[in-house]
Engineer: 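Here it is: the structure, laid out below.
First the proteins, then the strands, lettered A, B, ... as listed; each starts at 1.
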Amino acid sequence: MAKIQAIRGMNDVLPDQTPVWQYLELTMRELLSAYAYSEIRFPVVEQTQLFKRSIGEVTDIVEKEMYTFEDRNGDSLSLRPEGTAGCVRAAEQHGLLYNQTQKLWYMGPMYRHERPQKGRYRQFYQMGVEAFGMPSTDIEAELLILSNDLWQRLGLGEFLTLEINNLGTAEDRVQYGNALRGYLLEHKDILDEDSQRRLEKNVLRILDSKNPDTQEILKGAPKLPDFISEASAKDFETLQTALKGVGISYIVNFGLVRGLDYYNGLVFEWTTDQLGAQAAVCSGGRYNGLSKQLGGTDTPGVGFALGMERLVLLLEELGRLPEEIGRCVDLYIAVVGSGVQIQAMKLSADIRRVLPELRVLTHCGGGKYNSQLKKAFASGARCALILEGDEELAEIKVRILDDAGETTVLGTPSVCDWLTKFFR
RNA sequence: GUGGCCGUAGCUCAGCUGGUAGAGCCCCUGACUGUGACUCAGGUUGUCGCGAGUUCAAGCCUCGUCGGCCACCCCA
């Protein structure tokens, strides 16, 4: 029988890695809490139509990367390829967008059928933040400050660069798209294949092209800033002033477009040069028309999502992890000989009652003195209690697990007192 | 989806021009030290990713397939 293995691009996170994830998740929860954002949870599966209407019918994500299937009723469902659509749907459906503002966040798996690569997987985890009901630049600034704060807390600040751009209003975008298309049509034969295909479907994406010839042509193309309405341009200025005011450095990149159709106004991207081709760690922008487009109220929205695997990779590769991160045991209880098993269980229970925070590992599975002590050291525990004997009640020895550790005999009643002092 | 490299014990890898599998680490047992050690003695582990083909014979050649890495692409 062939072994069954995990689906391609869907990873197991093993015990030696979960502490890193927990550290990242905890840091994020604390951050979001400190900014008074609320968590929202919504399903992994939605109607396919939701993603088609929000992300855009002709985007790569919808065209060739979604996990889409029919359920038993014949409805077309899809695994969520990103979080914003579901978040907007849920908020709208439950009246969260009616005459009020919301600051929300979510965390969870997303699914995209891409060819796996370092930092790119078919099931990957995102943490996303969405703010609704605020058309002003202050919330945009706050989101950038918040994300910047996260890099600081994780010790990754020096490895991340912020790029921003202004797409203008939806109307600005259409007008610019027309102008750009008109210009590029004159040079159609020189454009690379992808860009030719995008001419009709998604002109703005051509700005992202890495093809040198295409880039050369783009130098003479109409410029996005020339098509942006006055109010939108002014907002973009205001945001930049705010960023300067709080000391966040950034680069304005007029070619930054984003692959999802719902963006307008501000778009931004935090990138790193430490992860090879998967440079984008966090990105987002404003999407004012989205909730209306999904049939709901016309509520302004702005948000971002970050790739958690990419942050885990950064933390690991750059060694930006707290020292005690792998440690999950404080006290190791060695049980040598079958006579003291019950005594050991009672003792563990007593200790856990007196010191509820203490992480107590009671040895199971037998083994002689030597190997148990070895495991005690390997566990990362700070000290070990040793129960040894063939009788039901043994004296208890304590061994402090450092280089010069001594073994001391403790009387049974004093164990908890001793531990309380030792662990403070 | 396209291209390149790769896939041998739990881990890191070796395996000569094809001849029926090895090392180190880890783990376990015993001896010696009242003891995480050292040293010594011994022990467990693999359908060589999977399937087919060529051959008297394949881990080593051919094809397919699955998986990994990297780039393109895409994006978080």
Side-chain angles (χ1 to χ4, degrees), chain A residues 1-12 14-16 24 55-56 58-66 80-84 106-129 147 160 192-195 197-198 202 205 208-211 256-260 263 267-272 275-285 303-314 332 334 336 365-381 383-384 386 388 397 399-407 409:
Chain A
M1 274 257 273
K3 276 187 196 166
I4 294 179
Q5 47 185 6
I7 293 172
R8 180 173 212 193
M10 308 216 177
N11 301 124
D12 301 309
L14 301 179
D16 64 331
L24 179 62
I55 297 167
V58 297
T59 55
D60 281 12
I61 293 177
V62 170
E63 263 184 346
K64 45 193 188 194
E65 293 174 3
M66 279 210 295
R80 60 184 187 192
E82 57 104 43
T84 301
Y106 54 84
M107 198 184 279
M110 307 294 164
Y111 301 85
R112 265 134 76 168
H113 192 105
E114 297 183 274
R115 185 118 163 213
Q117 199 174 316
K118 184 183 186 181
R120 188 172 82 180
Y121 311 101
R122 290 184 175 181
Q123 173 180 282
F124 60 100
Y125 286 77
Q126 282 192 343
M127 192 281 280
V129 178
S147 50
L160 291 165
D192 59 276
E193 205 178 314
D194 278 338
S195 295
R197 198 168 47 83
R198 283 175 181 148
N202 204 342
R205 289 302 317 288
D208 278 338
S209 171
K210 285 170 190 159
N211 183 294
L256 180 63
V257 169
R258 318 257 57 251
L260 292 77
Y263 286 114
V267 290
F268 63 90
E269 200 164 274
W270 288 94
T271 59
T272 180
L275 289 180
Q278 312 311 318
V281 169
C282 167
S283 61
F304 68 78
L306 55 79
M308 295 184 49
E309 282 84 356
R310 293 180 185 180
L311 284 175
V312 167
L313 281 169
L314 279 178
Y332 199 98
V336 186
K368 50 183 199 175
Y369 192 108
N370 241 346
S371 70
Q372 289 200 32
L373 201 58
K374 196 173 173 184
K375 282 176 180 160
F377 271 95
S379 75
C383 81
I386 299 153
E388 184 177 16
K397 287 186 261 185
R399 169 74 188 265
I400 297 170
L401 301 175
D402 57 27
D403 293 334
E406 288 178 8
T407 306
V409 179

Engineer: For atom P, what is the distance between B/G42 and B/C25, given to the nearest Å?
Structural biologist: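 It comes out at 15 Å once rounded to the nearest Å.
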Engineer: Represent RNA chain B in dot-bracket notation, 5' to 3'. Only Watson-Crick or G-U wobble pairs with both distances under 3.5 Å count; pseudoknot-style crossings use [ ] and interstrand partners use |.
Structural biologist: (((((((..((((........)))).(((((.......))))).....(((((.......))))))))))))....
Engineer: When you check the phosphate oxygens OP1 and OP2 of B/G36, does a side-chain N or O of A/Gln372 lie under 4.0 Å from one of them?
Structural biologist: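 Looking at the OP1 and OP2 atoms of B/G36, neither is under 4.0 Å from any side-chain N or O of A/Gln372.
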Engineer: A/Arg122 vs A/Met110, test: side chain to side chain contact (heavy atoms under 4.5 Å, CB included). Steps then yes/no.
Structural biologist: CA-CA 8 Å; A/Arg122 290 184 175 181; A/Met110 307 294 164; over 6 Å; no
Engineer: Please round to the nearest 0.5 Å and tell me the distance separating atom CZ of A/Phe268 and atom CG of A/Leu256.
Structural biologist: 10.0 Å
Engineer: Hey, what do you get for CD (A/Gln278) to NZ (A/Lys118), rounding to the nearest 0.5 Å?
Structural biologist: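 One gets 10.0 Å once the value is rounded to the nearest 0.5 Å.
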Engineer: For A/Gly365, report the nucleic acid contact type (base, sugar-phosphate, nothing); a contact means any heavy atom under 4.0 Å.
Structural biologist: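 If one applies the 4.0 Å heavy-atom cut-off, A/Gly365 turns out to touch nothing in the nucleic acid.
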Engineer: Taking atom C1' in both B/C13 and B/C26, compute the distance separating them and give it to the nearest angstrom.
Structural biologist: 14 Å
Engineer: Whole angstrom is fine here: how far is it from OH in A/Tyr121 over to C1' in B/G67?
Structural biologist: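 Going from A/Tyr121 (OH) to B/G67 (C1'), I get 14 Å.
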Engineer: Which is more 5' along RNA chain B, the nucleotide nearest A/Leu373 or the one nearest A/Tyr125? Just name the residue.
Structural biologist: A/Leu373
Engineer: Ignoring hydrogens and geometry beyond distance, is the side chain of A/Arg115 in donor-acceptor contact with the base of B/G68 at under 3.5 Å?
Structural biologist: no
Engineer: With RNA chain B as reference, determine whether A/Gly307 or A/Asn11 sits nearer its 5' end, using the nearest nucleotide of each.
Structural biologist: A/Asn11
Engineer: When the C1' atoms of B/G15 and B/G46 are compared, how many Å lie between them, rounded to an integer?
Structural biologist: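 Result for the C1' pair: 15 Å, nearest Å.
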Engineer: With rounding to the nearest 0.5 Å, note down the distance linking CZ in A/Arg310 to OH in A/Tyr121.
Structural biologist: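 Here the rounded value is 9.0 Å.
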Engineer: What nucleotide among B/C27, B/C75, B/A76 has an atom nearest to a side-chain atom of A/Phe124?
Structural biologist: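 So the nucleotide nearest the side chain must be B/A76.
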Engineer: Give, for atom CG of A/Leu313 and atom CG of A/Leu275, the distance between the pair rounded to the nearest 0.5 Å.
Structural biologist: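 A/Leu313 atom CG to A/Leu275 atom CG measures 6.0 Å (nearest 0.5 Å).
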Engineer: Round to the nearest Å and state the distance from A/Lys374 atom NZ to B/U29 atom P.
Structural biologist: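 Spelled out: NZ on A/Lys374 to P on B/U29 is 10 Å.
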Engineer: Over how many whole Å does the gap from A/Lys118 atom NZ to B/C6 atom P extend?
Structural biologist: 20 Å
Engineer: When you get a sec, tell me which of B/A76, B/G36, B/C66 is the closest nucleotide to the side chain of A/Ala280?
Structural biologist: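 That would be B/A76.
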Engineer: Provide the distance between the two P atoms, one in B/C38 and one in B/U62, to the nearest whole Å.
Structural biologist: 45 Å
Engineer: How long is the line joining CD1 of A/Ile7 and P of B/G67, in whole Å?
Structural biologist: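 That distance rounds to 10 Å.
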Engineer: Regarding A/Leu311, tell me which of base, sugar-phosphate or nothing describes its non-hydrogen contacts under 4.0 Å with the strands shown.
Structural biologist: nothing
Engineer: Separation of A/Ile55 atom CD1 from B/C75 atom P, in whole Å?
Structural biologist: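 Between P of B/C75 and CD1 of A/Ile55: 11 Å.
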Engineer: Output the single nucleotide from B/G36, B/G30, B/C75 whose closest atom is nearest the side chain of A/Asn370.
Structural biologist: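 So the side chain of A/Asn370 is nearest to B/G36.
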Engineer: Taking B/G51 as the reference, what is the distance to B/U12 when you measure between their C1' atoms (whole Å, please)?
Structural biologist: 28 Å
Engineer: Measure the shortest side-chain to side-chain distance between A/Leu260 and A/Thr59 over non-hydrogen atoms and say whether it is less than 4.5 angstrom.
Structural biologist: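 Answer no - side chains too far apart.
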Engineer: So how far is it from A/Met127 CE to A/Tyr106 OH, rounded to the nearest 0.5 Å?
Structural biologist: 9.0 Å
Engineer: Checking A/Ser283 against A/Trp270: is there a side-chain donor and acceptor pair closer than 3.5 Å?
Structural biologist: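 The answer is no; no qualifying pair exists.
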Engineer: Using atom CG of A/Leu275 as one end and atom P of B/A71 as the other, report the distance to the nearest whole Å.
Structural biologist: 10 Å
Engineer: Please classify the nucleic acid contact of A/Gly276 as base, sugar-phosphate, or nothing, using heavy-atom distances under 4.0 Å.
Structural biologist: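 A/Gly276: backbone/sugar contact only, no base atoms under 4.0 Å.
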Engineer: Picking from B/C70, B/G34, B/A76, which would you name as closest to the side chain of A/Gln117?
Structural biologist: B/C70
Engineer: Distance between the P atoms of B/A52 and B/G59, in whole angstroms?
Structural biologist: 13 Å
Engineer: At under 4.0 Å between heavy atoms, what does A/Arg310 touch on the DNA or RNA strands: base, sugar-phosphate, or nothing?
Structural biologist: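 Result for A/Arg310 = base.
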Engineer: Contact class for A/Gln278 vs. all strands (heavy atom < 4.0 Å): base, sugar-phosphate, or nothing?
Structural biologist: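 Counting heavy atoms under 4.0 Å across all strands, the contact made by A/Gln278 includes a base.
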Engineer: Could you check whether A/Glu82 gets within reach of a base, just the sugar-phosphate, or nothing at all, counting any heavy atom under 4.0 Å?
Structural biologist: nothing
Engineer: Kindly point out which of B/G68, B/G67, B/G30 is positioned nearest to the side chain of A/Pro116?
Structural biologist: B/G68
Engineer: To the nearest Å, give me how far apart CZ (A/Phe268) and P (B/A76) are.
Structural biologist: 11 Å
Engineer: Can you tell me, in whole Å, how much space there is between the P of B/U17 and that of B/C73?
Structural biologist: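 39 Å, rounded to whole Å.
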Engineer: Roughly, in whole Å, what's the span from CZ in A/Arg122 to P in B/C66?
Structural biologist: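 Result: 10 Å.
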Engineer: Got a second to check how far A/Glu82's CD is from A/Glu65's CD, nearest 0.5 Å?
Structural biologist: 12.0 Å
Engineer: For the residue pair A/Thr271 and A/Leu160, establish whether any side-chain heavy-atom pair is separated by less than 4.5 Å.
Structural biologist: no
Engineer: Regarding A/Ala305, tell me which of base, sugar-phosphate or nothing describes its non-hydrogen contacts under 4.0 Å with the strands shown.
Structural biologist: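 Here A/Ala305 touches the backbone only, sparing every base.
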Engineer: What nucleic acid atoms does A/Arg112 come within less than 4.0 Å of, heavy atoms only: base, sugar-phosphate, or nothing?
Structural biologist: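 Here A/Arg112 touches the bases of the nucleic acid.
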Engineer: Could one point to a donor on the side chain of A/Arg120 or the base of B/C70 with an acceptor on the other under 3.5 Å away?
Structural biologist: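 Such a pair does not exist between side chain and base.
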Engineer: Could you tell me how far B/C28 sits from B/U44 if I compare only their C1' atoms? Round to whole Å.
Structural biologist: 7 Å
